[in-house]
Amino acid sequence: MTPIQSVDQPGQLSVEHSAIDGIRVVTVRGEIDHTVKDMLSEALLSPDGATPPRTVVDLSGVTFMDSSGISVFIGAYQAVSDTQGWLRIAGAQEAVLRILQIVGMDTLISCHPTIEQAVNA
């Protein structure tokens with residue numbers, strides 16, 4: 001995994017990248033709000049600026065997400081859809097999953113209990 005930013009304080013966002021069978025896995029920990037939306041957006045894009053066609057975002061370590069996170073996920077979804085790729089969410093904690101369900105994000109981006117299920121869906 002390649003860390004982008006480490007967690008020094010509770011609630012701070014950290015992001016790590018890895019790959020499983022050619023599928024990019026972005027592991028996010030901490031809180032997603034307006035102060036970290038740009039960092040999250042950059043993390044969901046590949047280093048050369050192109051969006052990877054297949055990405056799983058592991059939210060198992062995310063304890064809070066506001067509308068800024070929803071906006072980032074919508075943008076990332078649109079970017080991968082334009083390239084016939086996909087974006088999936090794995091392991092969202094109950095509070096974060098509930099937000100995704102309330103705004104209907106779970107109907108746009110499929111949500112799975114584990115990374116393995118998201119990769120193999």
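Residues take their numbers from the sequence shown, with the count starting at 1. Hydrogens, waters and symmetry mates play no part in the numbers below; they use all other heavy atoms, side chains included.
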[X] (side chain) donor-acceptor with [Y] (main chain) under 3.5 angstrom:
X	Y	value
Glu16	Thr27	no
Arg88	Ala118	yes
Ser81	Tyr77	yes
Thr114	Gln117	yes

Could you tell me which non-hydrogen atom of [X] sits nearest to which non-hydrogen atom of [Y], and how far apart they are?
X	Y	result
Leu40	Phe73	CD2-CE1, 4.4 Å
Val56	Ala90	CG1-CB, 3.8 Å
Val28	Leu59	CB-CD2, 4.2 Å
Val15	Met39	CG2-CE, 3.9 Å
Asp66	His34	OD2-N, 3.7 Å
Val96	Val62	CG2-O, 3.5 Å

Contacts of [X] that satisfy side chain to side chain donor-acceptor pair (under 3.5 Å) - sequence neighbours left out:
X	answer
Asp106	none
Asn120	none
Gln78	none

Would you say the side chain of [Y] lies within less than 4.5 Å of the side chain of [X], judging by non-hydrogen atoms?
X	Y	value
Leu100	Met65	yes
Ile32	Lys37	no
Val26	Leu44	yes
Thr63	Gln93	yes

>> I'd like to know whether Val36 forms a side chain to side chain contact (heavy atoms under 4.5 Å, CB included) with Glu31, so could you lay out the CA-CA distance, the side-chain angles of the two residues, the decisive distance to 0.1 Å, and finally the verdict.
In response: CA-CA 8 Å; Val36 298; Glu31 297 180 354; over 6 Å; no
>> Is a donor from one side chain sitting under 3.5 angstrom from an acceptor on the other, for Ser110 and His112?
In response: yes
>> Just checking Asp82: does its CG atom have more than 12 heavy atoms from other residues, nucleotides or ligands closer to it than 6.0 angstrom?
In response: yes
